[in-house]
J.: 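The structure under discussion is supplied below as structure tokens; questions concerning it will follow.
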Amino acid sequence: MIANPSYFDGGVWANCPVMAGIVEAVCYLNVPLDRIDVLSIGTTDEPFTVKMLANAGIAGWNKTLIDLLMNAQVDSAIQHARQLVGDPRFLRVNATTSQGLYKLDDSKEIESLIALGNKTASDPSILYQVKSRFLNGIATMDWKL
């Protein structure tokens with residue numbers, strides 16, 4: 001047993017855990033990549049740009065640098081996952097909001113975020129895809145030989 005193990009919150013290294021899920025399915029559960037359909041559910045997205053900070057220097061970046069790193073990890077994970085499983089087998093559900101509208105670490109936002117999630121999930125095009133692809137009652141075939 002390790003004396004004082006250290007753990008990192010998923011938000012530190014996997015703000016979007018879609019790639020971790022694919023790797024675990026393929027490497028640890030031996031699921032063939034061509035048998036994986038991905039439903040990736042986000043926690044909101046907002047427009048993000050660093051154009052105005054191009055010449056600001058490190059001091060001018062402040063919190064924006066952290067946002068940049070987090071957004072880059074999310075975008076990278078989504079694009080890599082989409083490339084691995086293919087566009088037809090990848091569904092991303094996420095609401096885009098106005099800049100600064102929600103703070104995900106503020107408990108006062110919970111009711112508003114629940115309402116936003118319900119509205120997004122109720123979109124007919126999203127609801128149809130989720131029901132027909134992931135909640136269709138069809139049992140998956142065993143992938144082990």
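Every value quoted in this text rests on a predicted model; they were computed, and no experiment measured them.
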J.: May I ask you to decide if Thr44's main-chain N or O and Asn94's side chain share a donor-acceptor pair within less than 3.5 Å?
T.: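 Yes: the side chain of Asn94 pairs with the backbone of Thr44.
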J.: Taking all heavy atoms of Ala77 and all of Val18, pick out the closest pair and write down the distance.
T.: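 Nearest heavy atoms, Ala77 then Val18: O-CG1, 3.5 Å.
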J.: Do Met19 and Tyr28 sit in the same hydrophobic cluster, where Ile, Leu, Val, Met, Phe, Trp and Tyr count as joined when their side-chain heavy atoms come under 4.5 Å apart?
T.: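 No.
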J.: I'd like to know if Phe134 and Tyr128 are part of one continuous hydrophobic network [Ile/Leu/Val/Met/Phe/Trp/Tyr, side-chain heavy atoms within less than 4.5 Å].
T.: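 Shared cluster, no.
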J.: Just how far is it from atom CG of Leu113 to atom CG of Asn118, taken to the nearest 0.5 Å?
T.: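 Between Leu113 CG and Asn118 CG, I get 11.0 Å after rounding to 0.5 Å.
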J.: Evaluate side chain to side chain contact (heavy atoms under 4.5 Å, CB included) for Gln129 paired with Val93, printing each intermediate quantity in order.
T.: CA-CA 10 Å; Gln129 288 187 69; Val93 178; over 6 Å; no
J.: Treating Ile, Leu, Val, Met, Phe, Trp and Tyr as nodes and any side-chain heavy-atom pair under 4.5 angstrom as an edge, say whether Ile22 and Leu39 lie in one connected cluster.
T.: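 No, because Ile22 and Leu39 fall into different hydrophobic clusters, even though each may have its own neighbours under 4.5 Å.
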J.: Can you tell me if Gln83 has over 12 outside heavy atoms packed within less than 6.0 Å of its CD?
T.: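 Open: at most 12 neighbouring heavy atoms sit under 6.0 Å from CD of Gln83.
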J.: First locate atom CG of Leu91, then atom CG of Asp37, and finally report the distance between them rounded to the nearest 0.5 Å.
T.: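 Output value for this atom pair is 9.5 Å.
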J.: Please confirm whether the backbone N or O of Val85 pairs with a side-chain atom of Arg89, one donor and one acceptor, at under 3.5 Å?
T.: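 Pair found, side chain donor or acceptor close to backbone of Val85.
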J.: Any chance you could measure Asp45, atom CG, to Thr96, atom OG1, to the nearest 0.5 Å?
T.: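 If we round to the nearest 0.5 Å, Asp45:CG and Thr96:OG1 are 5.0 Å apart.
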J.: Decide yes or no for Phe90 and Ile78: does some side-chain heavy atom of the first lie under 4.5 Å from some side-chain heavy atom of the second?
T.: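 Phe90 vs Ile78: side chains touch.
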J.: Hey, any chance Ile110 and Leu116 share a hydrophobic cluster, counting ILVMFWY side chains that come within less than 4.5 Å of each other, even indirectly?
T.: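 Unlinked, Ile110 and Leu116 end up in two clusters.
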J.: As a quick check of understanding, evaluate side chain to side chain contact (heavy atoms under 4.5 Å, CB included) for Asp87 and Arg82, giving each step before the final call.
T.: CA-CA 6 Å; Asp87 214 28; Arg82 192 182 305 273; 2.9 Å; yes
J.: Rounded to the nearest 0.5 Å, how far does OG of Ser76 lie from CG of Asn71?
T.: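 Here the rounded value is 12.0 Å.
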J.: Measure across Ala121 and Ile126 and return the closest heavy-atom pair with its distance rounded to 0.1 Å.
T.: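 Nearest pair, atom of Ala121 first, then Ile126: O-CG2, 4.5 Å.
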J.: Looking only at heavy atoms, which two atoms of Ile41 and Arg92 are closest? And how far apart?
T.: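 Smallest heavy-atom distance, with atoms named: C-NH1, 4.0 Å.
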J.: Looking only at heavy atoms, which two atoms of Asn136 and Ile138 are closest? And how far apart?
T.: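 Nearest heavy atoms, Asn136 then Ile138: OD1-N, 3.0 Å.
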J.: Roughly how far, to the nearest 0.5 Å, is the CZ atom of Arg35 from the CG atom of Asn30?
T.: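 Result: 13.0 Å between the selected atoms.
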J.: Under the 3.5 angstrom rule, does the side chain of Gln73 hit a backbone N or O of Cys16 as a donor-acceptor pair?
T.: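 A pair under 3.5 Å: yes.
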J.: To the nearest 0.5 Å, what is the distance between CD1 on Ile114 and CD on Glu109?
T.: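 These two atoms lie 11.5 Å from each other.
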